[in-house]
Amino acid sequence: MDGECSNSNVILFCDMCNLAVHQDCYGVPFIPEGQWHCRRCLNSPSKPVDCVLCPSKAGAFKQTDCNRWVHVLCALWVPEVHFANPVFLEPIDSIREIPSAR
């Protein structure tokens, strides 16, 4: 190796809440010029949000197809849940497919 490294999966920091996410893990295919805001700060900057799938109130949220909120990691771990757009990882859909017994 010649000492150069090419890392295209950069860590982005929300300019509003300082959330740190990997570009690929959060569904940001292009690095924006200027400020970047996570989806929670962009869509619900003054209201706290809750994950539909867990009790944690902090973390990397994306909206569902029914305007609720889910952590990206929670969506990955629940087999019934899917990302409607696998590049942008949003919206998160099929929440209704989760059995009520769980």
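Under the salt bridge (charged side-chain N to carboxylate O under 4.0 Å, His left out) criterion, no residue pair touches residues 69-79, with sequence neighbours excluded. Among residues at least two apart or in separate chains, there is no ring-ring contact (aromatic ring centres under 6.0 Å, His included) pair with a member in residues 82-102. Sequence neighbours left out, the pairs with a member in residues 63-76 that pass side chain to side chain donor-acceptor pair (under 3.5 Å) are N43-Q63. Judged as a salt bridge (charged side-chain N to carboxylate O under 4.0 Å, His left out), the pairs with a partner in residues 48-63 (not counting sequence neighbours) are, in order, D50-K57, K62-E90. Screening residues 13-35 for salt bridge (charged side-chain N to carboxylate O under 4.0 Å, His left out) gives no qualifying pairs among residues at least two apart or on separate chains. Residue pairs meeting the ring-ring contact (aromatic ring centres under 6.0 Å, His included) criterion with at least one member in residues 11-52, sequence neighbours excluded: Y26-W36.
Linking Ile, Leu, Val, Met, Phe, Trp and Tyr residues whenever their side-chain heavy atoms come within less than 4.5 Å places V28 and L76 in a single cluster. Under the 4.5 Å side-chain heavy-atom criterion for Ile, Leu, Val, Met, Phe, Trp and Tyr, V21 and V10 are members of the same hydrophobic cluster. By the rule that hydrophobic residues join a cluster once side-chain heavy atoms approach within less than 4.5 Å of another member, L73 and V52 end up as members of one cluster.
By the side chain to side chain contact (heavy atoms under 4.5 Å, CB included) test, E80 is found to be paired with V78, E97, I98, P99, R102, residues two or more places apart in sequence or in another chain being considered. Under the rule for a side chain to side chain contact (heavy atoms under 4.5 Å, CB included), P86 has no partner lying at least two apart in sequence or in another chain.
For C14 against C38, the heavy-atom pair with the smallest separation is SG-N, 3.3 Å. Between C74 and C51 the shortest heavy-atom distance is SG-SG, 3.8 Å. The shortest non-hydrogen separation linking L89 to C25 is CD1-O, 3.1 Å. Closest approach of S94 and V81 over heavy atoms only: CB-CA, 4.3 Å. Across every non-hydrogen atom of A75 and I92, the tightest pair is CB-CD1, 3.9 Å. Between Q23 and P29, the shortest heavy-atom contact is NE2-O, 3.2 Å.
Here the straight-line distance linking atom CZ of F61 with atom SG of C41 works out to 11.0 Å at 0.5 Å rounding.
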